[in-house]
Participant: 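Supplied in structure tokens, the structure appears directly below.
Counting from 1, the numbers follow the sequence of the chain as shown.
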Amino acid sequence: MTHLPALIEEHDLAGALEWLETQPPYAIADEIARMDAVESVITFRLLDKDRALEVFEELAPVDQQQILEGLRDQAFRDLVENMDPDDRARMLKEAPAKVAKRVLAGLSARERQMTAALLGYPEGSVGRYMTPETVALQQDLTVGQALEVVRRRGGQAETIYTLPVVDRGRRLTGIVELRELVLSEPEAMVADLVVTTPPKARATERAEDAARLVRDTNVLDLPVVDSEDRLVGLLTSDDAFEVIEAADTEDVARQAGSEPLERHYMSASVFQLSRTRMMWLLLLMVAATLTVTVTQVFESELDAVTELALFVPLLIGTGGNAGAQAATAAVRALAVGEVRTSDLLRVIWRECRTGLLLGAMLAVVGFGVGSVFVGADVSAVVAITLLIICGWASTVGGTMPLLAKRLRIDPAVVSAPMVTTLVDATGLVIYFSTAKAVLGI
């Protein structure tokens, strides 16, 4: 089967229409994200109105902006008017000023008000990701009355599976699932079906924390309240998964020593790819000069026992890998809530012992390998250094993300390459200091 980009490039619009009719929205969005600006707009214009909206909401904000810039006024207004308010707010967060102004100008008063309310919450907060379009029920309704409310107002809501229950002041008193209403007798009271202590989030809390709460509690939708416990929206499970995916993508990129790519990899230019990596490479290169400095300081020891130079790559490589493993484990544990900053001392103790155990096992291997090439004295230096450097590297790698978190720095910034570079320099100090002590040089 011919792929969509080839059909567009060959101007086979009939074939492209046939392909689009047979594919789900997420597959179409993935193909559009791979295209350049002109091809993506041409493809998008082939979609009918309802399908276009489904595909549009599957696109990343940067790709959405690219599509909007190529649409005429009426198509532009129809598209942004029918978007969910939370999706619209996320797109506007990264949009150029002229695009944002055009979007807001094309909205109805109701949609503009909801979008402005979401944009009023702090960047990165759950308030930016929640949907304000909810069906809230009063707790003194019967089941039959509640279902009538759902039928009357459900068409304007993004989700009706989780129904918040509020008092007269719109303060959240609990939730009830639509399933419970459908399976209950019409004369039953909603108050008897309410879960009175549901998980919830403040609108100003971090979106990532709220999203992980959705995952951990297995709820479909998470109620979002203001500082006075008044209902302001719901964080839906699909939006929660997107938040987690974005956070994990950012962590993976920074642990690899680069910035996250904002658009599809296949549509990014070589310049854009280079820009996400260059600053980190420069920073790590500057940090790596510590290794050169340490080598110069211990130049006389290298001259006295030239065999020491043979094991420098092995030792700094092993130390860097041990530190990277610990840093990756710590960043992941922080992200999923398995570790808190208050656990710092316990993490230090655990990682120190883990590193020493690993170092002891590697020291046995290192002594055996060293004995093949050099004498027992230098082999002993290598073995002792492996023991110390693994304990040190694991402790540093496990500790730095927690310290970063305590200082309100993204733990992923203290990435594996950064830990590796630090351990390389300090590992050489450990190596040459051990050689001086054991060999008496």
Side-chain angles (χ1 to χ4, degrees), residues 254-257 280-281 283-299 301-302 305-333 347-374 377-404 411-439 441:
R254 287 180 172 165
Q255 288 177 54
W280 276 91
L281 286 176
L283 178 62
L284 293 172
M285 186 177 72
V286 171
T289 58
L290 290 172
T291 304
V292 178
T293 303
V294 171
T295 305
Q296 288 179 330
V297 170
F298 290 96
E299 189 173 357
E301 285 76 6
L302 279 172
V305 185
T306 56
E307 292 92 343
L308 292 173
L310 295 174
F311 298 95
V312 168
L314 181 149
L315 292 170
I316 64 175
T318 302
N321 290 337
Q325 287 177 334
T328 300
V331 170
R332 184 260 175 194
V347 170
I348 291 175
W349 178 230
R350 288 173 64 85
E351 288 296 341
C352 179
R353 288 181 296 159
T354 301
L356 289 174
L357 179 59
L358 291 170
M361 292 186 288
L362 293 175
V364 174
V365 177
F367 185 84
V369 171
S371 298
V372 175
F373 299 99
V374 296
D377 289 347
V378 175
S379 297
V381 171
V382 173
I384 294 170
T385 302
L386 281 169
L387 176 65
I388 299 173
I389 202 173
C390 284
W392 166 245
S394 295
T395 304
V396 170
T399 302
M400 287 183 66
L402 273 75
L403 291 174
V413 172
V414 187
S415 61
M418 184 66 73
V419 171
T420 299
T421 303
L422 175 61
V423 171
D424 286 350
T426 54
L428 287 178
V429 174
I430 294 171
Y431 181 39
F432 291 123
S433 298
T434 302
K436 290 181 67 174
V438 174
L439 303 177
I441 55 177

Participant: Provide the closest heavy-atom pair for S379 versus G370 in the form atom of the first, atom of the second, distance.
Facilitator: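 Taking S379 first and G370 second, the nearest heavy atoms are OG-C, 2.9 Å.
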Participant: Name all pairs fulfilling the side-chain hydrogen bond (donor to acceptor under 3.5 Å, both in side chains) condition that reach into residues 348-371, sequence neighbours left out, sorted by first residue then second.
Facilitator: none
Participant: Using every non-hydrogen atom in the two residues, find where P313 and L310 come nearest and quote the distance to one decimal.
Facilitator: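 Where P313 meets L310 most closely, the heavy atoms are CD-O, 3.7 Å.
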Participant: Could you tell me if the side chain of I316 sits less than 4.5 Å from the side chain of L428, heavy atoms only?
Facilitator: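 Contact flag for L428/I316 side chains = yes.
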Participant: Let me know which of D377, V381, V382, V374 forms a side-chain contact (heavy atoms from CB on, under 4.5 Å) with E307.
Facilitator: V374
Participant: V419 and A327: which non-hydrogen atoms are nearest, and at how many Å?
Facilitator: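 Distance-wise, the nearest heavy atoms are CG2-CB, 4.0 Å.
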Participant: Name the one of L402, L403, V396 that satisfies side-chain contact (heavy atoms from CB on, under 4.5 Å) with T399?
Facilitator: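 It is L403; the other options fail the test.
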Participant: Which pair of non-hydrogen atoms, one from L308 and one from Y431, has the smallest distance, and what is that distance?
Facilitator: O-OH, 2.8 Å
Participant: Apply side-chain contact (heavy atoms from CB on, under 4.5 Å) to T385 and F311, showing your working.
Facilitator: CA-CA 10 Å; T385 302; F311 298 95; over 6 Å; no
Participant: Once side chain to side chain contact (heavy atoms under 4.5 Å, CB included) is applied, do any residues pair with V365, and if so which ones, sequence neighbours excluded?
Facilitator: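 Checked V365 against side chain to side chain contact (heavy atoms under 4.5 Å, CB included); matches are V369.
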Participant: Taking side-chain hydrogen bond (donor to acceptor under 3.5 Å, both in side chains) as the test, write out the residues that go with T434, two or more places apart.
Facilitator: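 side-chain hydrogen bond (donor to acceptor under 3.5 Å, both in side chains) check on T434 returns nothing, list empty.
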Participant: What heavy-atom pair brings L362 and T318 nearest, and what distance separates the two atoms?
Facilitator: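 Closest heavy-atom pair between L362 and T318: CD1-CG2, 3.6 Å.
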Participant: Report all side-chain donor-acceptor pairs from residues 386-394 shorter than 3.5 Å, counting only partners two or more places apart or in another chain.
Facilitator:
from, atom 1, to, atom 2, distance (Å)
W392, NE1, T426, OG1, 2.9
S394, OG, C390, O, 3.1

Participant: If I take atom CD1 from residue I384 and atom CZ from residue F367, how far apart are they, to the nearest 0.5 angstrom?
Facilitator: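 Rounded to the nearest 0.5 Å, the CD1-CZ separation comes to 9.5 Å.
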Participant: For A333, check side chain to side chain contact (heavy atoms under 4.5 Å, CB included) against everything at least two apart and list the hits.
Facilitator: E338, V339
Participant: Give the minimum heavy-atom separation between G398 and A330, together with the two atoms involved.
Facilitator: O-CB, 3.7 Å
